[in-house]
Protein chains: 2
Amino acid sequence: MPGGIQLTRQREAVLMVLKEAEKHLTAQEVYDRVRQRLPGTAYGTVYNALAYLQSVGLVQAFNIGNGPALYDRRIDRHDHLRCLQCGEVIDYSLSGLDQVVERVARETGYQINRARLLFEGLCPKCQKSKEVRP
Amino acid sequence: MPGGIQLTRQREAVLMVLKEAEKHLTAQEVYDRVRQRLPGTAYGTVYNALAYLQSVGLVQAFNIGNGPALYDRRIDRHDHLRCLQCGEVIDYSLSGLDQVVERVARETGYQINRARLLFEGLCPKCQKSKEVRP
DNA sequence: CTTGATTTTGTATCAAGTCTAAATTCATAA
DNA sequence: TTATGAATTTAGACTTGATACAAAATCAAG
C-alpha cells in the first residue's frame, strides 16, 4: 500500500496524546503522557514518532524563541501568539496572507513555501494584572 | 550616568564582530571571531555580552527552527527569509504590518508588542539548481 | 513458518545554553 | 593615590533538548 501511513502502537499513542492535549506540548510532555498509556516507551521513540507524524502531515511542530519545540495537533496552516508575561501560547489563523507572501516573493525572488508568524505581547489576563500593580 | 551603556572591551569586541559580519552569526561563531581579537575571552562572556547588548538594544537575536540563536547587527524591526535548500537566511523588511498587528490585537484581545515573521522556501539560486536536476 | 524490512529500546553522545565561585576590572570618592 | 564596593570576566561544571547507534523486537509478505 504505497503512500499509506504506518501507525504503530507507539505512534498512535503519541497521536492520541496530542489529540487530547489542552495545549501545545513539548516532546518531554508528550513522553510523560505516552508513558501513562504505554509504560515501556523509550524517549527516542517519541522523537521518532513525532518526526514521522510530521513527515506524513498528521502533526505540526514549531519553535518559540530558544525553547523546546512545541507539537500541535492542528494540521492546517496557522500562526501563534505568545504572552511575554505568563508564557501562554495560543493558535491564531491569520487570513489574507497570500497577498503578503506573493509580495515578498516578488520583491525577493524567493519561492515561498511557508510563512511562520509569531506575535508576542500580553494576553488579556496579564494586561489586567498589570493594571493592578503600580 | 544613569541609562548609560557600559561597553567593556569584550562587549565592544562582540559588537565589532557583529558589525563586520557578512551574515547572521551564531554565538559560537561570534565567540570564534571575538577570540581573534581578544584571545582570552571566555565562552560565557560572549553569551553575557550578547544578552547585555540585546537588553540595551544594540543587537537583535532571533531563532530559526530548533537551530542555535542567530545574532544580527540590525536593530530596526525586520523579518527573515530562509532557504530550505541551502540554509541561507536573509533580512527583509515587510512594510504595512501595523494594520495586520492591529487586526490580530482586536480579534484576540492581546496587546501586541512584537511580530516575528519567517518566510521559508527556495532562494533564487536554489530554484535554478532545482531546474537542472531531474 | 521464514525472511527481510521496519521499528523500538536502551544507552551513549552531542550541542546550545546556563550557572557558579573565584579572580579581575572598573568607577567613585576619600 | 589608594581604598572600597559594584560590576564583569573567567574557567569549568552542569542542564537541557535533541540525536545517534547497535541490538532486540515487531511486523508484513511470501
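- To the nearest angstrom, P of D:dA7 lies 17 Å from CG of B:L7.
- Residue B:Y47 places no side-chain N or O under 4.0 Å from the OP1 or OP2 atom of C:dT18.
- For B:Q10 and D:dT10, the shortest distance from a side-chain N or O to OP1 or OP2 is below 4.0 Å.
- Rounded to whole angstrom, the span from the CG atom of B:L53 across to the C1' atom of D:dT9 amounts to 15 Å.
- Using a 4.0 Å heavy-atom criterion, one finds that B:G67 contacts no nucleic acid atom at all.
- Residues A:Q28 and A:V30 are not in side-chain contact: their nearest non-hydrogen atoms beyond the backbone lie 4.5 Å or more apart.
- At whole-Å resolution of the value, OH in B:Y43 and P in D:dA13 are 16 Å apart.
- For the pair A:E12 CD and C:dT7 P, the computed distance is 15 Å after rounding to whole Å.
- One side chain, A:S95 or B:R103, offers a donor N or O that lies under 3.5 Å from an acceptor on the other.
- Relative to the side chain of B:T45, the nucleotides D:dT10, C:dG10, D:dG17 differ in distance, and D:dT10 lies closest.
- Under the 30°/60° scheme for interplanar angles, the aromatic rings of B:Y47 and B:Y43 are found to be tilted.
- For C:dT7, the OP1/OP2 oxygens have no side-chain nitrogen or oxygen of A:T8 closer than 4.0 Å.
- In this structure, CG of A:N48 is placed 18 Å from P of D:dA25, rounded to the nearest angstrom.
- Out of D:dG17, D:dT10, C:dG17, the shortest distance to the side chain of A:N66 is found at C:dG17.
- Every residue two or more places apart in sequence or in another chain was checked for a ring pair (Phe, Tyr, Trp, His ring centres under 6.0 Å) with B:Y52, and none qualifies.
- The distance from atom CZ of B:R11 to atom P of C:dT25 is 15 Å, rounded to the nearest whole Å.
- Remark: A:T41 is not in phosphate contact with C:dT8, judged by side-chain N or O atoms under 4.0 Å from OP1 or OP2.
- Protein atom CD1 of B:I64 is 15 Å distant from nucleotide atom P of C:dA16, rounded to whole Å.
- In summary, the side chains of A:E120 and B:Y110 do not present any donor paired with an acceptor at a separation below 3.5 Å, with no hydrogens or angles considered.
- With the nearest nucleotide of DNA chain D identified for both A:Q28 and A:G44, A:Q28 has the one nearer the 5' end.
- Between A:Q6 and B:A69, the residue anchored nearer the 5' end of DNA chain C, judged by the nucleotide with its closest heavy atom, is A:Q6.
- In this structure, A:N63 places its CG atom 15 Å from C1' of C:dG17, rounding to the nearest Å.
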